[in-house]
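Comments concern the structure below.
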Amino acid sequence: MDKIKMTTPLVEMDGDEMTRILWKLIKDELLLPFIDLKTEYYDLGLEHRNETDDKVTFDSAYATKKYGVAVKCATITPNAARVEEYNLKEMWKSPNGTIRAILDGTVFRAPIKVKGIEPCVKNWEQPITIARHAYGDVYKASEMKIPGPGKVELVYTAEDGTKESVTVHEFDGPGIVQGMHNLSGSIESFARSCFNYALDTKQTLWFATKDTISKKYDHTFKDIFQDIYDAEYKEKFEALGIEYFYTLIDDAVARVMKSKGGFIWACKNYDGDVMSDMLSSAFGSLAMMTSVLVSPEGYYEYEAAHGTVQRHYYKYLKGEETSTNPVATIFAWTGALRKRGEIDEIEELMAFADKLEKATIDTIENGEMTKDLALITELKCVKVLNTEDFIKAIRTTFEAM
């Protein structure tokens, strides 16, 4: 069989630990035998980020602007323990935060539904999509340890030299402080991305922050969303019979648990990070969720929503068998390949992505799956497979199609 030809490369961002192992297995078993794969490769493994002073992360983001579509493996965001483990020059910032800051836009995450794996919340009849703002907040924050008594101020110096300041806290002993920011333009892009996605999918849109406590920061998000909705989208929403509304984040959590699903829940950056993990786990597994960053300029970056599966990686290094779920990483590749095919008008590439996703779901629904799914499935007589055998089972299903 002739391999499917590509005309424009994908930006390929390799990652860390167990997901790096999955990355290679997926390419070797499910992609390279069928596609003449063209990628511009960037190694975002922690060692290489450290070697390049994190320049490789910035380069990969700028390459995404050049080519329009990227696919990213999960990466480590180092903490103090990781700095010591990997002998890092410094505690490098989140690669996802860096890339999202450069590309702007919104991360849309939705669970991958399969028969036999029902949500933990029994009234969730339809998937819930998290729309996560992809810029700023704690991911671009500046932090400081306060050694002892003193005053911390937040100071704004205008271009003409005039200053405004506010006291953050007067410390009577050691402590910590953090300063974070966002941009009105990025919030506007976030709002429009959410409204457009809601119109495209014909789903009601929720937006939730904590404006009662954060009366300037969070309230600005709320106001920008409402102003754009009233000026540009209200009539379009009403014509489709869908709605937009704002609610406090704690009220949203309570309402989500009692809902039937089938809507988009827009969250600030950190809220979206946490809530997407909660939803993916509740719908089945952290490895059963799609994630795509969509920028206002039309750049797309597909990734798995979960981490690097550190515990499994340590078992792998010891030569022990693992049953790591690769589904989200497979769907990151299929999402990127489908979008590449759509942009370049390559029907065969789009069809390949559709079929590989169906083969993945069919394999699970036929009773062959990784351990995390076997523990929660309602299917009988399931076969638990290790990581490599599960990927090979998907290939067998795919080739039979």
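Side chains are part of it too, since the values below use all heavy atoms of this structure and drop only hydrogens, waters and symmetry mates. For clarity, every value in this text was computed on a predicted model and none was experimentally measured.
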Pair [X] + [Y]: basic N to acidic O under 4.0 Å:
X: Lys115; Y: Glu378; result: no
X: Asp271; Y: Arg132; result: no
X: Lys93; Y: Asp54; result: no
X: Glu12; Y: Lys27; result: yes
X: Lys358; Y: Asp354; result: no
X: Arg395; Y: Asp389; result: no
X: Arg20; Y: Asp43; result: yes

Identify the heavy atoms of [X] and [Y] that sit nearest to each other, and give their distance.
X: Leu205; Y: Cys194; value: CD2-CB, 3.8 Å
X: Ile249; Y: Ala208; value: CA-CB, 3.7 Å
X: Ile128; Y: Gly261; value: CG1-CA, 3.6 Å
X: Thr19; Y: Gly307; value: CG2-O, 3.4 Å
X: Leu10; Y: Ala336; value: CD2-O, 3.7 Å
X: Ser291; Y: Val107; value: OG-CG1, 3.4 Å

Quiz prompt | Ser323 side-chain N/O to Leu385 backbone N/O, donor-acceptor pair under 3.5 Å | solution =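 Checked: pair present.
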Self-check item: Worked check of ring pair (Phe, Tyr, Trp, His ring centres under 6.0 Å) between Tyr42 and His48
Solution: CA-CA 9 Å; Tyr42 293 87; His48 193 239; 9.3 Å; no
Do [X] and [Y] meet the criterion of a side-chain donor-acceptor pair at a distance under 3.5 Å?
X: Thr387; Y: Thr322; value: yes
X: Gln310; Y: Thr308; value: no
X: Asp137; Y: Tyr217; value: yes
X: Ser280; Y: His306; value: no
X: Asp14; Y: Tyr41; value: yes
X: Tyr299; Y: Asp104; value: no
X: Thr75; Y: Lys72; value: yes
X: Asn96; Y: Ser94; value: no
X: Asp211; Y: Tyr246; value: yes

Quiz item: Which residues pass the side-chain hydrogen bond (donor to acceptor under 3.5 Å, both in side chains) test with Glu238, sequence neighbours left out?
Solution: none
Between [atom1] of [X] and [atom2] of [Y], what distance do you get to the nearest 0.5 Å?
X: Ile330; Y: Ile26; atom1: CD1; atom2: CD1; answer: 4.5 Å
X: Ile391; Y: Leu22; atom1: CD1; atom2: CG; answer: 5.5 Å
X: Leu248; Y: Thr209; atom1: CG; atom2: OG1; answer: 7.0 Å
X: Thr324; Y: Asp372; atom1: OG1; atom2: CG; answer: 8.5 Å

Do [X] and [Y] make the cut of ring centroids closer than 6.0 angstrom?
X: Phe190; Y: Tyr135; answer: no
X: Tyr244; Y: Tyr233; answer: no
X: Tyr302; Y: Phe331; answer: no

Under 3.5 Å, which donor-acceptor pairs link side chains of residues 145-167 to any protein atom two or more places apart or in another chain?
| residue | atom | partner | partner atom | Å |
| --- | --- | --- | --- | --- |
| Asp160 | OD1 | Thr162 | N | 3.0 |
| Asp160 | OD1 | Thr162 | OG1 | 2.7 |

Give a yes or no on whether [X] atom [atom1] has more than 12 heavy-atom contacts from other residues, nucleotides or ligands under 6.0 Å away.
X: Tyr316; atom1: OH; answer: no
X: Lys24; atom1: NZ; answer: no
X: Lys122; atom1: NZ; answer: yes
X: Lys355; atom1: NZ; answer: no
X: Glu84; atom1: CD; answer: no
X: Tyr270; atom1: OH; answer: no
X: Met144; atom1: CE; answer: no
X: Lys113; atom1: NZ; answer: yes

Practice problem: Let me see the working for Phe207 and Phe245 under ring pair (Phe, Tyr, Trp, His ring centres under 6.0 Å), right down to the final yes or no. | Solution: CA-CA 6 Å; Phe207 179 49; Phe245 64 85; over 10 Å; no
Which atom pairs, one a donor and one an acceptor, fall under 3.5 Å between side chains of residues 341-349 and the rest of the protein, sequence neighbours left out?
| residue | atom | partner | partner atom | Å |
| --- | --- | --- | --- | --- |
| Glu342 | OE1 | Lys339 | NZ | 3.4 |
| Glu342 | OE2 | Lys339 | NZ | 3.1 |
| Asp344 | OD1 | Arg340 | NH2 | 3.4 |
| Asp344 | OD2 | Thr7 | OG1 | 3.2 |
| Asp344 | OD2 | Thr8 | OG1 | 3.1 |
| Asp344 | OD2 | Arg340 | NE | 3.0 |

Practice problem: Go through the steps for His133 and Phe221 under the test side chain to side chain contact (heavy atoms under 4.5 Å, CB included), then give the verdict. | Solution: CA-CA 11 Å; His133 190 208; Phe221 276 82; 3.6 Å; yes
Acceptor/donor pairs from residues 60-69 side chains to any protein atom, 3.5 angstrom cut, sequence neighbours excluded:
| residue | atom | partner | partner atom | Å |
| --- | --- | --- | --- | --- |
| Ser60 | OG | Thr57 | O | 2.7 |
| Thr64 | OG1 | Ser60 | O | 2.9 |
| Tyr67 | OH | Glu40 | OE1 | 2.8 |

Quiz item: Can you pull the salt bridge (Lys or Arg N to Asp or Glu O under 4.0 Å) pairs that have at least one residue in residues 287-304, sequence neighbours excluded?
Solution: Arg100-Glu303, Arg109-Glu303
Quiz item: Run the side chain to side chain donor-acceptor pair (under 3.5 Å) check on Tyr139 and Asp273 step by step: do they pass?
Solution: CA-CA 11 Å; Tyr139 300 86; Asp273 191 1; 2.5 Å; yes
Quiz item: Hey, which of Ile112, Leu279, Asp277, Thr129 is the one that makes side-chain contact (heavy atoms from CB on, under 4.5 Å) with Met289?
Solution: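 For Met289, the side-chain contact (heavy atoms from CB on, under 4.5 Å) check succeeds only for Leu279.
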Exercise. For Glu368 and Thr363, run side chain to side chain donor-acceptor pair (under 3.5 Å): C-alpha distance rounded to whole Å, both residues' side-chain angles, the deciding distance at 0.1 Å, then the answer.
Key: CA-CA 6 Å; Glu368 296 182 289; Thr363 300; 5.4 Å; no
Practice problem: Could you name each residue pair satisfying ring-ring contact (aromatic ring centres under 6.0 Å, His included) that touches residues 333-353, not counting sequence neighbours? | Solution: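 Sorted pair list: Trp23-Trp333, Phe352-Phe398.
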Exercise. Using the side chain to side chain contact (heavy atoms under 4.5 Å, CB included) rule, take Val327 and Ile364 through it: C-alpha gap first, then chi angles, then the decisive distance, then the call.
Key: CA-CA 10 Å; Val327 171; Ile364 297 169; 4.0 Å; yes
